[in-house]
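The structure appears below as structure tokens.
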There are 2 protein chains.
Amino acid sequence: MVSIGYVGVDSVPKHPECAQDGTNRCLGDLKVTKADPPLNPWNVFKVTCPTRQVLNCITDKWAVLVVGCLLERDRRSGELRREIEGISQKMLTQTLRALERDGLVRREVFPSVPPRVDYTLTPLGRSLGGIVDQLREWSEQHIDQVLQSQQRYDKAPDKP
Amino acid sequence: MVSIGYVGVDSVPKHPECAQDGTNRCLGDLKVTKADPPLNPWNVFKVTCPTRQVLNCITDKWAVLVVGCLLERDRRSGELRREIEGISQKMLTQTLRALERDGLVRREVFPSVPPRVDYTLTPLGRSLGGIVDQLREWSEQHIDQVLQSQQRYDKAPDKP
DNA sequence: CCGGATCCTCTGGGATACTG
DNA sequence: CAGTATCCCAGAGGATCCGG
């Protein structure tokens, strides 16, 4: 368990499933959050905000790549592995499971021999895909600036 | 060094700075990538695509939160730490440095006593902020579906 | 108040071998 | 071919102390 816990928060953590992996320590009851008067939109900053969990799901390199890949068209497991360079078998499966759990990806098994498994974006996943796609565009458009900035930074002698 | 290396790629890796931390193993010469005939927009999947590096920068929970926070207004270091619940001193500094290196955040020091440091989004950072903001919106709108899906998934007895 | 330096823990993630 | 189970290590990240 991580140390930040529910420190100081009015202790009503009630999404048992959420906390199952170390990354997302959850989070308080959703209803509470929703009933609360509209705070700062970025109550995301509070550990208690369930939205942070969604961050955990898209804040994952592999997940983004997988979603992006499925955005083009449905794929079978092996295709994904070959398409996404550098992903390991383990991480692929793991990522797909998580996405499936979150309802972003649907998994379809064909009991053929050899076995075959297809992955599809759900409508929910597709909607997120829109953002992923913008991310890709942004990257392509601004990669130059970023790289330049990095070079400048690394050259500078007086960085903090 | 990670094992995926430049396997099979026409070996022209030339961004020394990139590889400095383990996370982004880089990546091939940018010019090459750009000169290449327009491939699949998601050549991001190739390890050789510099765009992946940008992914590394936004694919970081803390970075997203920091950018989101600065999106509201400039902040001083301490404010950020207090605002973003759960971030440690170390991670905050580290994240800010990375964002600064990438040219997304500007750091301004006031030689007062006690010292004071302000952080501001650069125009570049602000443009990325647009996407970050959409991410937040998406999260708020779809968190219910995601949570429901998770509960369903966890209840189901026959998951893979 | 800002943040660098250390130490130490724990886990993310690769490599490998095995089942159906 | 798809997926699980094991082993194992580098490095992400927290806690702490210190110095400007």
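Chain letters run A, B, ... following the sequence lines, proteins first and then strands; every chain starts at 1.
Taking the ring centre of Phe110(B) as origin, the terminal cationic atom of Arg116(B) falls inside the region bounded by 6.0 Å and 45° from the ring axis.
Residue-to-nucleotide contacts include a donor-acceptor pair under 3.5 Å from the side chain of Gln89(A) to the base of dG3(D).
With distances taken from any side-chain atom of Arg76(B) to the nucleotides dC2(C), dG3(C), dT4(D), the minimum falls on dC2(C). Side-chain proximity of Ser88(B) to dG14(D), dG14(C), dT4(D): nearest is dG14(D).
For the pair Leu55(A) and Leu135(B), the minimum side-chain heavy-atom distance is below 4.5 Å. Contact of the Leu80(B) side chain with the Leu96(B) side chain is registered, since non-hydrogen atoms from C-beta on lie closer than 4.5 Å. In this structure the side chain of Tyr153(A) never reaches within 4.5 angstrom of the side chain of Gln148(A), judged on heavy atoms.
Gln94(A) comes within contact range of no nucleotide atom at all, as no heavy-atom separation falls under 4.0 Å.
Rounded to an integer number of Å, the gap from CH2 of Trp62(A) to P of dG12(C) is 15 Å. For the pair Glu100(A) CD and dA2(D) P, the interatomic distance rounds to 15 Å; values are reported in whole Å. Atom CD1 of Ile84(B) and atom P of dG13(D) are 14 Å apart (whole Å). The NZ-P distance, from Lys90(B) to dC8(C), rounds to 13 Å in whole Å. Regarding Lys61(A), its NZ atom lies at a distance of 8 Å from the P atom of dG13(C), rounded to whole Å. Rounding to whole angstrom units, CD of residue Glu108(B) and C1' of dC1(C) are separated by 17 Å. The CD-C1' distance, from Glu85(A) to dG14(C), rounds to 16 Å in whole Å. Remark: P of dG14(C) and CD1 of Ile87(A) are 8 Å apart, rounded to the nearest angstrom.
Between Glu79(A) and Arg73(A) there is a salt bridge, since at least one side-chain N of the basic residue sits less than 4.0 Å from a carboxylate O of the acidic one. A salt bridge links Arg75(A) to Glu72(A): at least one charged side-chain nitrogen sits closer than 4.0 Å to a carboxylate oxygen.
Between Met91(B) and Leu96(A), it is Leu96(A) whose nearest contact on DNA chain D lies nearer the 5' terminus.
Heavy-atom distances under 4.0 Å link DNA chain D to Pro114(A), Pro115(A), Val117(A), Tyr119(A) of residues 112-122 of chain A, given in residue order.
The phosphate of dG3(D) (OP1 or OP2) has a side-chain N or O of Ser77(A) nearer than 4.0 angstrom. Contact annotation: Arg81(A) side-chain N/O to dA2(D) OP1/OP2 distance is under 4.0 Å. For dC2(C), neither phosphate oxygen OP1 nor OP2 lies less than 4.0 angstrom from any side-chain nitrogen or oxygen of Arg97(B).
Asp60(B) contributes a side-chain N or O that, together with a main-chain N or O of Trp62(B), makes up a donor-acceptor pair within less than 3.5 Å.
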